[in-house]
Amino acid sequence: MKYNFNDIEKKWQDYWAKNETFKASNNSDKPKYYVLDMFPYPSGAGLHVGHPLGYIASDIYARYKRHKGFNVLHPQGYDSFGLPAEQYAIQTGQHPAVTTEANIKTYRRQLDQIGFSFDWSREVRTSNPEYYKWTQWIFIQLFESWYNYDSNKAEPIDTLIERFNVEGNTNINAACDDDINPFTAEEWNAFSDTEKQRILLKYRLTYLAETEVNWCPALGTVLANDEIVNGVSERGGHPVIRKKMTQWSMRISAYAERLLQGLDTIDWTDALKDIQKNWIGKSVGASVKFKVLSPTLSEGKGVDKVPGYMTGGNNSHLLIERAKEMRANPTDAEAALWAQLKGKKLGVKFRQQHLIGDYIVDFVCLDKKLIVEVDGKIHDYQIEADEERTVRLENDYYKVIRFKNEEVLGDIDSVLIKIEEALAQRESINSKQVLSSGKDLGWEIEVFTTRPDTIFGVSFMTLAPEHELVSQITTAEQKAEVEAYIEATAKRSERDRMADVKTISGVFTGTYAEHPFTKEPIPIWIGDYVLASYGTGAVMAVPCGDQRDYDFAKHFNIPIPNIFEGVDISEEAFASKDNVKIANSDFLNGLNYKQATKKAIEALEKIGQGEGKTNYRLRDAVFSRQRYWGEPFPVYYKDGMPQMIDEKHLPLTLPEVEKYLPTEEGEPPLGRADVWAWDTNTNSVCHSELVSESNGFYPLELNTMPGWAGSSWYFFRYMEEQSNRGEAFATEGALKYWENVDLYIGGSEHATGHLLYSRFWVKFLYDRGFVGVDEPFKKLINQGMILGTSAFVYRRLSYVKLEGYGLTRWHPIKHKPIFESYRDTLEVGVTFKDSSLEKEILDWIKQELPLLHHNKLIEIFGNDPLIIDLLNPMSNEEIIEFLNEKIEFQYQSLHADISHLKTIGEGSNIKYTDELIVEEFKNWRPEYKNAEFICSDNKFLTLREVEKMSKSKFNVVNPDEICEQYGADSLRLYEMFLGPLEQYKPWNTAGITGVHGFLKKLWKLYVPFMDGSLSEVEVEPTKDNLKTLHKTIKKVEEDIENFSFNTSVSTFMIAVNELTAQKCTSRHILEPLLVLVSPYAPHIAEELWEQLGHKASISTAPFPKFEEKYLVESSKNYPISFNGKMRFTLELPLDMSKDEIEKAVLAYDKTQEQLQGRTPKKVIVVPGKIVNIVG
RNA sequence: GCAGGAAUGGCGAAAUGGUAAACGCACUCGAUUUAGAAUCGAGAGACUGGGAGUUCGAAUCUCUCUUCCUGUACCA
């Protein structure tokens, strides 16, 4: 009787599929249990051994729960919209639906072969129109909702409109855009429909807004913050730039507080909760307004007040004469334009030939910082190029628009319209002054602080260099320095700033703010340690309580007042909030952090210069993607305003396009669709060319939804049976029965994406009464990743090093690829010189160069004029001479596919070595065909390193082979046996024979039942049999409940070893044992269960009941320790009292031997555990 | 920098404050076998990263240092 795992596994997989063994019921007397795996994306590479880890764990749990009498929902499906299929479509022209379908087939085959107990009747795919109909429906609900902070939940937008109708918006406490203007009910009712829509958009939970987004040109799409890793795209590693675009956004920030609070109600790991907490980034504190003092008020500390129109720089005294001269002699175009601009003809004041910094601009509106330039004459006195000057001016927040002489003279009307448009987009400086209550200049700086208690410790303020007030408050004296600083910091990339956090830099603006309580002047600095994007872009610096402020103050010799009682701040700031009293702080003296914070906020509120405030780091989520393969928005545009398609006309299905690329105009791929407009007459999609608002044909939205749209609610869809899915995303009964996911297993990489967004959507659906739970996943476990061992080959690259123009440049030399066998002295990314290697390269170039060498040079060095123009005029000899000593080298490491490595052993013991099979590697890529391989000892070695298992790293191990060789049960057991579920572990098949051997041994225990060698008489279990069984039941049950699957595999091994030694043939032992094993190794369990004579599947057989009585012992082999060290053991009855044990132990020979006549000081007796003798 | 986690044989790992190293791989020897594989049996091997403390007793609790991993990035 051999254990034919392949046949057995096939047999039971077919049986389960045919009998729908794991189909969940929506009507059951059993308690419910919902086990879910994180939604897989069906990639073209199929499953590798890392993927099933979590699936096996959840499957064990699901099967265990069935044995425990639960009605288990354990579904699976596919997050089938996504980038890879689209990238593939762009490359090959294959429709993403086709490749996705093929990928799903592979996935399904592989999943089936591992024997998962999924209820496939409930499968969902996000790319199915019957599914995304409801994704679109949820989007519409979000659009039709606003967030009311008073009731603290989302409400239908109609309730907001009603309130606008009767009271305007001044009393509304809503999550909304920042730029809301107050209006009364009368004003609201007078607004046009379009205007009303525009305003409502600022309140809706999903809204259109111009946002700065992470644009990835290579992928042609926008990426979310969490899709960017180290400044490049997570998928593909392409560069990402900031770009302004009109996008759909989700007002997730409205839910920041509830997303944070909700974490306390769910059973997730602390690590995961911490990640979400950090991402939400709540800080409680106060917003404080500091009045900006005019320099004259600062009593000699500032400089004389400069009139607002004097915007010239330090050279004004020289330039002003030229400006006057130019005003007197305008060109025709300038004169014509000036006639139209002067005297506030456009509603704003323009000045002509005006000094801005060191420039003279043609026309400027200072209030709106708009400069109008008329080109066409030579500015002989002006050396800088116009472009550079524009950049400098725009750094100062001026907007520069240019016109040509001909434009002004030929069509002055359109020039004026353009100027008016530009003016309309500019904010007025004066309008800000109206809002403020500053004493003199009328400006205020608002800051956010988490430490309002330290307000008396403020000795300066720091603004981000990008802060809008900087250019306005900077005094003439400081102007040059401030401008230089802004320019310098603008050049520093984000990465530079990050890498270099130690350098302290900043500049004084020359202006002072007024302390709200002491009225002392506080110098205002700018510094790039303050981020424009967080809070208000300004901080009140408290150097004694904040290390960065402290460092800044030390560096620039700014006073550091100490406001903490009895704290030494001579070396560093005191940043703790605990155990300290405030001092030198007027009315806050003697208070602790909490009391002082409260009192300071009260005082600020009293004088109207601040209030308690909570800040969140969480930003609204961009929801648009410029992609084809995603859910279309159910949106068309009327008067530029988005309109929702009525839900009864959903789904709005994805149209066909001939190509999956953006259009020539840069529109998303849907812009290519011929049939992509909305006909409001028939409520259906119509030909794009028909668009005409008067006839009711409107353009449809061209963006599609991001990947997280479909995955934010799929767990509800599983609750509904296929047949009822038409009427709702899930019926009320189904939602009520299944509630939410009891156990969710997946990787921690989804911590800030999927897991946060789904919580947001669920809370929203809950608010609007569509679901009855406000958290999707009650318990969540992160499985660790299985790592692969990659192989790296080292490629030697050659460069020409040229110096000049103050820069060093390395020009790559394009010779055939050269690979070197790995040795530990090879370093990646470091350039070095080597004369013999250089000679080789020079010889090669010499040989390559023909007499007319221009084209060849381009072939070798690339078409870069910096080097080609340099070398081309030289003769061949001169070129070689010139290049001498200028060649440098560098190593680059590349992934080789591990299948190109030599193997040792065969069959089950096959192992990859470090050695590369050069011929296979050469044939892998056409560009390696002629590559040179430098071996050592006739071997070409790779560097093996453990990293994430991934197709792109060519280190994947496919589970198919394991299944074929050892069977799915062995794979399942082995993956669990590798170690704790959450741990990261490299894949190594070395131990798989161990678990496979265990299964064979298990099988052997049952052979007597199969080969007829067992007599018909039932064998009664022995005491030992029962002890082994019940010990195992207890341990396995505990282990599964604790998700400690590795230890239960050991427990099975121990049980089988013991039962084999006991020669157990009792059905009363072997039957329950199968049920214990069944969640882990279901195929063998089913087969043996059947062999024991059962007709029904083992899957719902009751889990054996643990009975303590079989483990009860009458005696215990007590470890006897002396001073905590165990010396020997002594068998004593368990019913002995403490005193009796002590007596018995002390009377024992060995005890006396150990004591050697000493009297023990103390004897510790823990009955049933241990005896410890001290002395 | 901050937050979280980890460190036990050659390897993966186990151990409610109570006999440290279970279980598996690899290794050695023996049996069976023409040989190998498979199977069976036997065996060798780590005193828990370093230091201190609490305790009758510490892998486990506290402090500290070292190394590694993960997350996050000047968050006011």
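Chain letters run A, B, ... following the sequence lines, proteins first and then strands; every chain starts at 1.
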task = Mark yes or no for whether A/Arg1127, through its side chain, and A/Ser1121, through its backbone, hold a donor-acceptor pair below 3.5 Å.
result = no

ask   = Of the nucleotides B/rA76, B/rG4, B/rC74, which one has an atom closest to the side chain of A/Tyr529?
value = B/rC74

Separation between the P atoms of B/rG57 and B/rA42, rounded to whole Å = 39 Å

task = Could you tell me whether A/Asp1139 and A/Lys1143 have a side-chain N and a carboxylate O separated by less than 4.0 Å?
result = no

inquiry  = Taking 4.0 Å as the cut-off, does a side-chain nitrogen or oxygen of A/Asn782 come that near to OP1 or OP2 on B/rU70?
reply    = no

task = For B/rA26 and B/rU34, measure between their P atoms and round to the nearest Å.
result = 25 Å

task = Select one nucleotide: of B/rA76, B/rC74, B/rG24, the one nearest the side-chain heavy atoms of A/Thr449.
result = B/rA76

ask   = Below 4.0 angstrom, N of the basic side chain to O of the carboxylate: do A/Glu1058 and A/Lys1031 qualify?
value = yes

message = Give me the distance, rounded to whole Å, that separates B/rG9 from B/rA15 when you measure between the C1' atoms they each carry.
response = 16 Å

task = With heavy atoms under 4.0 Å as the rule, sort A/Lys1004 into base, sugar-phosphate or nothing.
result = sugar-phosphate

Distance between P atoms of B/rA59 and B/rU19 (Å, rounded) = 10 Å

ask   = Which nucleotide sits closest to the side chain of A/Val539: B/rU39, B/rA76, B/rC74?
value = B/rA76

request  = For A/Asn1172, report the nucleic acid contact type (base, sugar-phosphate, nothing); a contact means any heavy atom under 4.0 Å.
outcome  = base

task = Starting at atom CD1 of A/Ile992, determine the distance to atom P of B/rG12, rounded to an integer number of angstrom.
result = 18 Å

task = Specify whether A/His996 and A/Phe5 have parallel, tilted or perpendicular ring planes, treating 30° as the upper limit for parallel and 60° as the lower limit for perpendicular.
result = perpendicular

note = Regarding the side chain of A/Lys1162, the nearest nucleotide among B/rA76, B/rC23, B/rC56 is B/rC56

inquiry  = Return whichever of A/Tyr616 or A/Ile275 has its heavy-atom-nearest nucleotide of RNA chain B closer to the 5' end.
reply    = A/Ile275

query = Nearest-Å distance, OH (A/Tyr966) to P (B/rC25)?
reply = 12 Å

key: Spacing of the C1' atoms in B/rA6 and B/rA13 (rounded, Å)   = 14 Å

request  = Starting from C1' on B/rA73, measure out to CZ on A/Arg619 and report it in whole angstrom.
outcome  = 15 Å

request  = Identify whether any heavy atom of A/Asn1046 sits under 4.0 Å from a base atom; if not, whether one sits that close to sugar-phosphate; answer base, sugar-phosphate or nothing.
outcome  = sugar-phosphate

task = For A/Arg1127 and B/rC56, give me the distance from atom CZ to atom C1', rounded to whole Å.
result = 14 Å

ask   = Which listed nucleotide (B/rG12, B/rG18, B/rA15) is nearest to the side chain of A/Thr1047?
value = B/rA15

ask   = Counting distance only, does the side-chain N/O of A/Asn1042 pair as donor-acceptor with the main-chain N or O of A/Ser1044 below 3.5 Å?
value = no

message = Any strand counts, and the cut-off is 3.5 Å on both contacts for Watson-Crick or G-U wobble. Which nucleotide pairs with B/rA22?
response = none

request  = Could you let me know what B/rG57 is paired to, Watson-Crick or G-U wobble, both distances under 3.5 Å, or none if it's on its own?
outcome  = none

message = Within the 4.0 Å heavy-atom criterion, would you say A/Pro980 contacts the bases, only the backbone, or no part of the nucleic acid?
response = sugar-phosphate

ask   = Should A/Glu257 and A/Lys282 count as an ion pair when the cut-off is N to O under 4.0 Å?
value = yes

task = Tell which nucleotide pairs with B/rA13, taking only Watson-Crick or G-U wobble pairs whose two distances are both under 3.5 angstrom.
result = none

task = Please determine, for B/rU39, whether a Watson-Crick or G-U wobble partner exists with both distances under 3.5 Å, and give it or none.
result = B/rA31

ask   = Using the C1' atom in both, what is the distance from B/rU64 to B/rC25, to the nearest Å?
value = 37 Å

query = Under 4.0 angstrom, heavy atoms only, what part of the nucleic acid is A/Lys1161 near: base, sugar-phosphate, or nothing?
reply = nothing

query = Quick one: does A/Leu1130's side chain get under 4.5 Å of A/Lys1150's, heavy atoms only?
reply = no

task = Please measure how far the P atom in B/rG41 lies from the corresponding atom in B/rU32, and state the result in whole Å.
result = 16 Å

ask   = If we call it a pair only when both distances are under 3.5 Å in a Watson-Crick or G-U wobble match, what pairs with B/rA3?
value = B/rU70

ask   = Once you round it to whole Å, what is the distance between C1' of B/rC75 and CG of A/Leu618?
value = 13 Å

query = Are A/Arg759 and A/Trp268 in a cation-pi contact, defined as NZ or CZ under 6.0 Å from the six-membered ring centre and within 45° of the axis?
reply = yes

Residue whose nearest RNA chain B nucleotide is more 5′ - A/Gly997 or A/Lys985 = A/Lys985

ask   = Does a donor on one side chain and an acceptor on the other come within less than 3.5 Å for A/Gln1062 and A/Thr1028?
value = yes

ask   = From B/rA26, B/rU72, B/rG12, pick the nucleotide closest to the side chain of A/Arg617?
value = B/rU72

task = Under 4.0 Å between any heavy atoms, over every strand shown, what does A/Asp549 touch: base, sugar-phosphate, or nothing? Just pick one.
result = nothing

ask   = Under 4.0 angstrom, heavy atoms only, what part of the nucleic acid is A/Gln983 near: base, sugar-phosphate, or nothing?
value = sugar-phosphate

inquiry  = Between P on B/rG12 and CZ on A/Phe998, what's the gap in Å once rounded to a whole number?
reply    = 23 Å

ask   = If you measure from the P atom in B/rC47 to the same atom in B/rU55, how many Å do you get, rounded?
value = 28 Å

message = Classify A/Val1166 by what it touches in the nucleic acid, base, sugar-phosphate, or nothing, heavy-atom distance under 4.0 Å.
response = base

request  = Would you indicate what A/Ser1121 reaches in the nucleic acid, counting non-hydrogen atoms under 4.0 angstrom: base, sugar-phosphate, or nothing?
outcome  = nothing

note = Ranking B/rC74, B/rU19, B/rA76 by distance to the side chain of A/Pro1119, first place goes to B/rU19

request  = Starting at atom CG of A/Leu272, determine the distance to atom C1' of B/rG71, rounded to an integer number of angstrom.
outcome  = 11 Å

note = Checking N1-N3 plus N6-O4 or O6-N4 for Watson-Crick, or N1-O2 and O6-N3 for wobble, each under 3.5 Å, the partner of B/rU48 is none

message = I want to verify a distance call: between B/rA73, B/rA76, B/rC40, whose nearest atom is closest to the A/Lys1001 side chain?
response = B/rC40

key: Separation of atom CG in A/Asn1042 from atom C1' in B/rA14, rounded to whole Å   = 14 Å

A/Lys1000 side chain, from C-beta outward: closest of B/rU39, B/rC25, B/rA14 = B/rU39

